[in-house]
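Working notes for the structure below.
Given the structure is predicted, the values throughout are model-derived calculations rather than measurements. Chain A is the first sequence line, chain B the second, and so forth, proteins listed ahead of strands; every chain is numbered from 1.
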Protein chains: 2
Amino acid sequence: MTADVRTTAMAAAVGPLPHAPTLEEVAERAGVSRSTASRAINGGLKVSPEAQAAVDVAVAELGYTPNRAARTLVTRRTDSVALVVPEPDERVLTDPYFAGTLQGLSDAFAATEIQLVLLIARRGEEAQRTNRYLRNRHVDGAVIVSHHRDDTLDSVLAESRLPCVFVGRPWTAPRPVQYVDVNNYLGGRRATEHLIAAGCRHIGTITGLLDMAAGVDRLAGWRQALQDAGLPDDAMVRGDFTTAGGAAATERLLQAHPEIDGLFVASDLMAAGALGVLASHGRAVPDDLKIVGFDNLGVAASTSPQLTTMNNPVVEMSRVAGELLLAQITGTATSLEPRIFGAEIVIRASA
Amino acid sequence: MTADVRTTAMAAAVGPLPHAPTLEEVAERAGVSRSTASRAINGGLKVSPEAQAAVDVAVAELGYTPNRAARTLVTRRTDSVALVVPEPDERVLTDPYFAGTLQGLSDAFAATEIQLVLLIARRGEEAQRTNRYLRNRHVDGAVIVSHHRDDTLDSVLAESRLPCVFVGRPWTAPRPVQYVDVNNYLGGRRATEHLIAAGCRHIGTITGLLDMAAGVDRLAGWRQALQDAGLPDDAMVRGDFTTAGGAAATERLLQAHPEIDGLFVASDLMAAGALGVLASHGRAVPDDLKIVGFDNLGVAASTSPQLTTMNNPVVEMSRVAGELLLAQITGTATSLEPRIFGAEIVIRASA
DNA sequence: CGCCGGTGTGGAATCGCTCTCACATCCAGG
DNA sequence: CCTGGATGTGAGAGCGATTCCACACCGGCG
């Protein structure tokens, strides 16, 4: 009967959609019950070798994949996690940092059945939709990237107790929340120390966004290094992590502090912008002025001169974030400690 | 970071999870049957005003959201669409083109309940998982970006008849498949014509990947413009759409054709790489050599000199792609015609 | 007054899966 | 020979929604 139905369906070239095989059909073909088929497919505990083999064959022949909705309905697992991006704008999406996150997470989940749902959380009305989506557990967990000061996500996540991991230290951490991050403070300090060791005595900085931990911490590291060395720490201008922002900031910095001979820029994207401006001002890098950037995500190697920069292992960090989330979801997490990565300097031509 | 952070975390994890309200509970609270409650929630056809009001109140009070899995099981709609990226590597993810796609799609679906599932389709074994995922209709439709020549996706999509729209013309189009794209051929031609009009007589090109339609078409446009003008069309080197690839290609081009005074580069990313190399070779842009790029996605405005380039309205195109897909899914699509956008030139400093 | 069509309602059957539980089978040990 | 545990199996009860269908009710028309 089943065979007849199928061939009929095949024959009709246009109308009916190819109907996805069900567990029932697999079971019938394998000559076992639905229960046994289900067991064979999910780990095969308490299944005889013969039954297992028969089911395997049937699955392969029919191209069977479990219906996710049906499975979710009973197990209450969705086998999907959200990647939450609290900003819709170009800034985040075009940043290689975001691309790295995507790649790392994709690596982490490659071996699992887990799908990545992209949640781009706009402000206002639509933020509510995102919140509801998370709160009602339409995903098993969430990875949050680029967490600003004013986001309401934190409370939503707390009250729903959804497993989650932040990529980059969240601004507020009243409740213990797990995150992965590079040591931004130490990175800023080391970068600046490198400039000092290279002979710079007037070292400026272009900061990142100061409503993000990465921006604040890198700035703090720069300041500490200068204070430790007894050098002035007043040549500071704000940037926004973008190339254009970096260029604009550089103009302002040169105006206010023409004496600088060293520059720590809180991201390579901004450093690339800075290089263009410096060139047009006739300041040679690294001879007149040395630059150290931050991130080392591809941009640094394609500027001229190539950038000396701090390594920011985003792909690796995000992969770890994915694994930590997985551990939380499966309940095998032993602690919610953050995982901090070191920031090594990568020396190229600019300093 | 401190010891008691963890204990607090574990303490917070204890206790019953907030149980999501069901339709049953809504119905009971509203004093109606499950059927009526369901009808009231889904459009409210054939529901009396009183019943509707009672259900609305109950929904609000309980904070009810329909269980997606249960709904999907019966309606066979998943309310999610896949964004398929047939390459896992850095190249695609870091390209601003991809970021633009994300943003456009996110716009298109912002007003709907539809979620975006990111499908990063690796090669080999894992590609099979992706194919199965699509074939078994775990999503209502798919948007495919960056479609190469050797992908097996096409046949999978064809046989499953899954609604889909390509962003960028797919390499193979034996069956009628809908896509959105910029007119790459015309773009390449206009860019080159602009260089000719500016007085260039030896115009080279750095191509994109030649296993993608965008690469081939832009090249064809460049060639046609030169042939029409009776100029030589032999100064062609292959690039790969990346900054580093653009830089390398430029080196090769200068080696083989030092006489060039104009250059059409098939993407701004590659053009940025080219600018660096040209600067280090002492070739002034635009005085010694004029450059026109392609894409105008932010990079073009942050190089120095700023790039003259062809506008590639990716965000807009992807938004349209999302809308076309929506139309296919709801069955309101009137045709599967591709939608082609014009490529306007944006004149800045490089040509 | 009887009948008809339209409206609103609730009962009940699904959708495809997991998982509990009862049962059959088999072998070891008393 | 009987008992007990271990092992594999299948029947069947849900999971939480949608939707078909039968039915009650009501106003209007012949």
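- Between B:Arg68 and the phosphate of D:dG16, there is no side-chain N or O to OP1/OP2 separation shorter than 4.0 Å.
- B:Glu24 has its CD atom 12 Å from the C1' atom of C:dG11, to the nearest Å.
- Nucleotide D:dG16 holds its P atom 14 Å from the CD1 atom of B:Ile41, rounded to whole Å.
- A salt bridge is absent between A:Arg29 and A:Glu25: the closest approach of a Lys/Arg side-chain nitrogen to an acidic carboxylate oxygen does not fall below 4.0 angstrom.
- The CZ atom of A:Arg137 lies 13.5 Å from the CZ atom of A:Arg77; values are rounded to the nearest 0.5 Å.
- Distance check, rounded to the nearest 0.5 Å: CG of A:Leu73 to CG of B:Leu73 gives 6.0 Å.
- Residue A:Thr22 is classed as a sugar-phosphate contact, given heavy-atom separations below 4.0 Å to backbone atoms only.
- Legend: ring pair (Phe, Tyr, Trp, His ring centres under 6.0 Å) pairs involving residues 33-53 of chain A, not counting sequence neighbours: none detected.
- Distances from the side chain of B:Lys46 to the nucleotides C:dT9, D:dT18, D:dT9 place C:dT9 closest.
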- With pairs defined as Watson-Crick or G-U wobble and both distances under 3.5 angstrom, please note down DNA chain C as a dot-bracket string, | for pairing with another strand. ||||||||||||||||||||||||||||||
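- A:Val81 pairs with exactly one of A:Val165, A:Ile114, A:Thr112, A:Val117 by the side-chain contact (heavy atoms from CB on, under 4.5 Å) rule, that one being A:Ile114.
- Counted by atom type alone, B:Arg76 and A:Asn67 present zero donor-acceptor pairs between their side chains at under 3.5 Å.
- Residue side chain B:Arg39 reaches the base of C:dG10 through a donor-acceptor N/O pair under 3.5 Å, judged by distance alone.
- Atom CG of B:Asn67 and atom P of C:dC15 are 18 Å apart (whole Å).
- Atom C1' of nucleotide C:dT18 and atom OH of A:Tyr64 are separated by 10 Å, given to the nearest angstrom.
- Checking the phosphate oxygens (OP1, OP2) of C:dT18, a side-chain nitrogen or oxygen of A:Ser38 falls inside 4.0 Å.
- Counting heavy-atom neighbours within 6.0 Å of B:Glu28 CD, excluding the residue itself, gives a total of 12 or less.
- Per the geometry, CG belonging to A:Leu45 stands 13 Å off C1' belonging to C:dC19, to the nearest Å.
- Across D:dA13, C:dG16, D:dA17, the shortest atom-to-atom separation from the side chain of A:Arg34 is found for D:dA13.
- Residue B:Ser33 places no side-chain N or O under 4.0 Å from the OP1 or OP2 atom of C:dT9.
- Applying a 4.0 Å cut-off to non-hydrogen atoms, none of the residues of residues 49-58 of chain B approaches DNA chain D.
- Looking at heavy-atom distances under 4.0 Å, B:Ser35 makes contact with a base.
- Between the P atom of C:dG11 and the CG atom of B:Leu23 lies a distance of 13 Å, rounded to the nearest Å.
- Proximity of a side-chain donor or acceptor of B:Gln328 to a complementary backbone N or O of B:Cys164 within less than 3.5 Å is detected.
- A donor atom on one side chain and an acceptor atom on the other are not found under 3.5 Å apart for B:Asp107 and B:Gln103.
- The separation between A:Leu73 atom CG and D:dA13 atom P is 17 Å, rounded to whole Å.
- Here the nucleotide nearest the side chain of A:Ser48, chosen from D:dT9, D:dG16, C:dG10, is D:dT9.
- Proximity of A:Arg76 to the phosphate of D:dG16: a side-chain N or O atom is located under 4.0 Å from OP1 or OP2.
- Each of C:dG10, D:dC15, D:dG10 was ranked by its minimum atom distance to the side chain of A:Val74; first place goes to D:dC15.
- Protein atom CG of A:Asn42 is 10 Å distant from nucleotide atom P of C:dC17, rounded to whole Å.
- Under the 3.5 Å distance criterion, the side-chain polar atoms of B:Ser38 are left unmatched by any main-chain donor or acceptor of B:Arg34.
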